[in-house]
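All values derive from a computational prediction rather than experimental measurement.
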Amino acid sequence: MKYLCQVWFDGTRLDVMTKEEKHKLDSDSFGYDQDLMASGNMIQAEALQSPRSAVTVRVRNGETSVTDGPFIETKEYLGGFILIEAKDLNDAIRVAAGIPLAKLGAIEVRPIHDFGPDA
């Protein structure tokens with residue numbers, strides 16, 4: 001089964017980290033991704049740019065509006081994701097708990113909806 005692990009964290013925590021702490025976090029994250037690839041759990045992982053680079057798109061009554069930045073002001077933001085293959089939810093939770101950024105924020109684990117013919 002596929003699960004999306006959304007990585008949520010407070011970006012200001014990264015702002016106060018030393019260069020060495022950021023390097024260790026990056027190294028730990030890359031290493032964990034390598035471990036997930038070796039175990040067959042990894043499908044895709046990507047880090048996202050800051051919410052300052054985001055736009056929010058809405059279509060209402062056929063009209064498209066674009067707003068700079070995220071719609072909701074919040075301390076934590078989506079910083080990246082890891083799409084994984086796991087046996088079940090417990091296995092997905094085990095994988096999510098190993099994500100290094102879980103120590104700074106939260107990992108939301110959500111199953112991917114299967115639109116296949118047997119769904």
Side-chain angles (χ1 to χ4, degrees):
M1 215 174 152
K2 293 179 185 171
Y3 292 87
L4 181 66
C5 299
Q6 298 177 56
V7 180
W8 293 85
F9 61 93
D10 178 354
T12 61
R13 297 204 51 196
L14 295 178
D15 295 340
V16 299
M17 291 175 86
T18 67
K19 186 176 179 179
E20 292 77 21
E21 289 170 327
K22 286 181 186 177
H23 178 69
K24 180 171 178 7
L25 180 59
D26 289 345
S27 179
D28 290 349
S29 296
F30 181 73
Y32 192 64
D33 288 353
Q34 295 297 318
D35 291 345
L36 290 178
M37 282 191 267
S39 70
N41 291 108
M42 173 72 75
I43 296 172
Q44 182 73 33
E46 299 291 343
L48 298 174
Q49 292 184 15
S50 162
R52 291 184 296 272
S53 66
V55 296
T56 300
V57 177
R58 287 183 183 69
V59 178
R60 301 292 186 272
N61 300 318
E63 296 292 321
T64 301
S65 68
V66 179
T67 307
D68 289 342
F71 177 65
I72 298 173
E73 289 296 322
T74 180
K75 221 175 188 176
E76 287 190 340
Y77 60 82
L78 181 62
F81 69 88
I82 302 175
L83 182 62
I84 63 168
E85 183 75 37
K87 294 182 293 194
D88 54 28
L89 180 58
N90 288 330
D91 191 34
I93 290 168
R94 176 194 59 77
V95 169
I99 297 171
L101 277 166
K103 296 173 184 163
L104 295 178
I107 310 301
E108 179 180 328
V109 177
R110 198 182 295 187
I112 299 296
H113 186 73
D114 182 4
F115 288 101
D118 298 329

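- With sequence neighbours left out, the ring-ring contact (aromatic ring centres under 6.0 Å, His included) criterion links Tyr32 to no other residue.
- Side-chain heavy atoms closer than 4.5 Å link hydrophobic residues (I, L, V, M, F, W, Y) into clusters, and following such links, possibly through other members, connects Met37 to Ile84.
- A search for side-chain hydrogen bond (donor to acceptor under 3.5 Å, both in side chains) contacts involving Lys24 returns Asp28, not counting sequence neighbours.
- By the salt bridge (charged side-chain N to carboxylate O under 4.0 Å, His left out) test, Asp91 pairs with Arg94, sequence neighbours left out.
- In this structure, Glu20 CD and Thr18 OG1 are separated by 4.5 Å, a value rounded to the nearest 0.5 Å.
- By the 4.5 Å side-chain criterion applied to Ile, Leu, Val, Met, Phe, Trp and Tyr, Leu78 is assigned to a cluster that also includes Trp8, Leu48.
- Looking at Ile112 and Leu83, their side chains come closer than 4.5 Å, going by heavy atoms from C-beta outward.
- Judged purely by atom type and a 3.5 angstrom limit, Asp88 uses its side chain to pair as donor or acceptor with the backbone of Asn90.
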Original post:
Do Leu25 and Leu14 pass the side-chain contact (heavy atoms from CB on, under 4.5 Å) test, and can you show the C-alpha distance, the side-chain angles, and the key distance before you say yes or no?
Top reply: CA-CA 10 Å; Leu25 180 59; Leu14 295 178; 3.8 Å; yes
Determine all donor-acceptor pairs shorter than 3.5 Å in which one atom belongs to a side chain in residues 99-108; sequence neighbours excluded.
unit_1 : atom_1 : unit_2 : atom_2 : d
Glu108 : OE2    : Gln6   : NE2    : 3.4
Glu108 : OE2    : Arg110 : NE     : 3.0
Glu108 : OE2    : Arg110 : NH2    : 2.3

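- The salt bridge (charged side-chain N to carboxylate O under 4.0 Å, His left out) search around Glu21 returns none, not counting sequence neighbours.
- For Tyr3, there are no ring-ring contact (aromatic ring centres under 6.0 Å, His included) partners, not counting sequence neighbours.
- Residues forming a side-chain hydrogen bond (donor to acceptor under 3.5 Å, both in side chains) with Arg13 (at least two apart in sequence, or on another chain): none.
- Taking hydrophobic clusters as Ile, Leu, Val, Met, Phe, Trp and Tyr residues chained together by side-chain heavy-atom distances below 4.5 Å, Leu36 does not share a cluster with Ile43.
- In the hydrophobic clustering of ILVMFWY residues, with side-chain heavy atoms under 4.5 Å counting as a link, Phe9 and Met17 come out together.
- Remark: Glu46 engages Gln44, Phe81 in a side-chain contact (heavy atoms from CB on, under 4.5 Å) (not counting sequence neighbours).
- A ring-ring contact (aromatic ring centres under 6.0 Å, His included) check over residues 33-57, counting only residues at least two apart or in different chains, returns nothing.
- Under the 4.5 Å side-chain heavy-atom criterion for grouping Ile, Leu, Val, Met, Phe, Trp and Tyr, Leu4 is not connected to Leu89 through any hydrophobic cluster.
- Remark: Thr12 engages Asp10, Asp15 in a side-chain contact (heavy atoms from CB on, under 4.5 Å) (not counting sequence neighbours).
- Connection of Met1 to Val109 is established within a shared hydrophobic cluster, with ILVMFWY side chains joined at heavy-atom distances below 4.5 Å, either directly or through further cluster members.
- When the side-chain hydrogen bond (donor to acceptor under 3.5 Å, both in side chains) test is applied to Ser39, the partners found at least two apart in sequence or on another chain are Asn41.
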